[in-house]
Amino acid sequence: MASMAKSVARKDGGIWETVKTIFWALVIAGVFRTLFFQPFWIPSGSMKDTLLIGDFLFVNKMAYGYSRVSCPFALCPISGRILGSEPERGDVVVFRHPTRGDDFIKRVIGLPGDRIQMKNGVLWINGQEVPQQPAGTFTEPYAPQGPQQSLPKCRNEPVPEGGACEKDRYAETLPNGLTHDVLNIFDNGPGDNTAEFTVPEGNYFFLGDNRDNSGDSRWPAAVGGVGMVPAEYLIGRADRIMFSSAGKSLLYFWTWRPDRFLKAVD
């Protein structure tokens with residue numbers, strides 16, 4: 001009987017040790033996610049060809065400091081932003097949508113006080129045209145992509161399933177010298193000509209690199225865009241793609257993109 005009692009005690013102790021181990025592992029993971037790096041999957045094509053549907057990256061949360069949205073469910077008891085630094089023009093940033101509560105990823109184009117406008121599909125900053133140089137054609141299969149199985153938009157529509165879906169690609173050089181790719185699908189698309197926006201103090205203006213397929217600061221949040229994004233909604237900077245898969249499931253190893261593993265985000 002005594003040996004049976006010892007066995008039960010050891011078993012109960014083993015279960016309790018397992019519970020404690022799991023608890024502390026979750027606490028450490030939560031702290032790591034809150035303070036340092038947050039995982040993020042790319043769900044849409046708004047940042048092609050910089051980021052593709054199915055890219056997986058860790059967001060550097062130390063880059064811009066911390067606010068209430070730094071914690072899951074926006075539970076951090078922080079007013080404003082602490083330990084903050086300002087994003088640079090051209091940074092690729094994950095931020096909390098100001099009204100929907102979803103996390104978005106776009107490129108910082110407008111800093112506080114900037115005047116931003118699109119004219120005939122070309123970006124203008126503070127009254128100056130941002131130069132674009134032709135950079136060939138971005139081609140991808142016209143096939144369902146990612147868990148949502150969405151089909152890409154193509155400049156050469158109609159395209160049969162499995163065919164080559166093409167978009168014009170340009171190298172855009174921002175005033176600070178950073179050059180990145182942007183894509184064009186339609187001429188005179190809905191966001192190709194806009195009024196001039198003035199970015200309020202403490203806010204940022206975001207654009208997607210896939211300019212004809214991005215709900216961004218060109219439209220207010222009420223109609224599917226994001227409008228101006230306050231600094232306290234910034235979560236972190238995307239620095240490097242860790243893994244990438246074009247398939248519906250990660251188990252579909254034949255859809256992995258090894259050439260994008262550990263690729264820097266430019």
Nearest non-hydrogen partners of S217 and G227, listed with the distance = OG-O, 2.7 Å
With sequence neighbours excluded, residues passing salt bridge (charged side-chain N to carboxylate O under 4.0 Å, His left out) with D209 = R107
R155 to I185 - nearest heavy-atom pair and separation | NH1-O, 3.0 Å
Is it true that E140 and K167 make a salt bridge, defined as a side-chain N closer than 4.0 Å to a carboxylate O?
-> yes
Parallel, tilted or perpendicular for F243 and W256, by the 30°/60° rule?
-> perpendicular
Taking all non-hydrogen atoms of both residues, which atom of S67 and which atom of E232 are closest, and how far apart?
-> OG-O, 2.5 Å
Where do D181 and T50 come nearest, in terms of heavy atoms and distance?
-> O-OG1, 4.1 Å
Closest approach of P152 to Q145 (non-hydrogen atoms, all atoms of both residues) | CG-NE2, 3.9 Å
Any salt bridge between D55 and K263, counting N to O under 4.0 Å?
-> no
Among all residues two or more places apart in sequence or in another chain, which pass the side-chain hydrogen bond (donor to acceptor under 3.5 Å, both in side chains) test with S214?
-> K106, D216
Which heavy atom in A195 sits nearest to a heavy atom in Q117, and how many Å separate them?
-> O-CG, 3.7 Å
Any side-chain donor paired with an acceptor under 3.5 Å for N210 and S46?
-> no
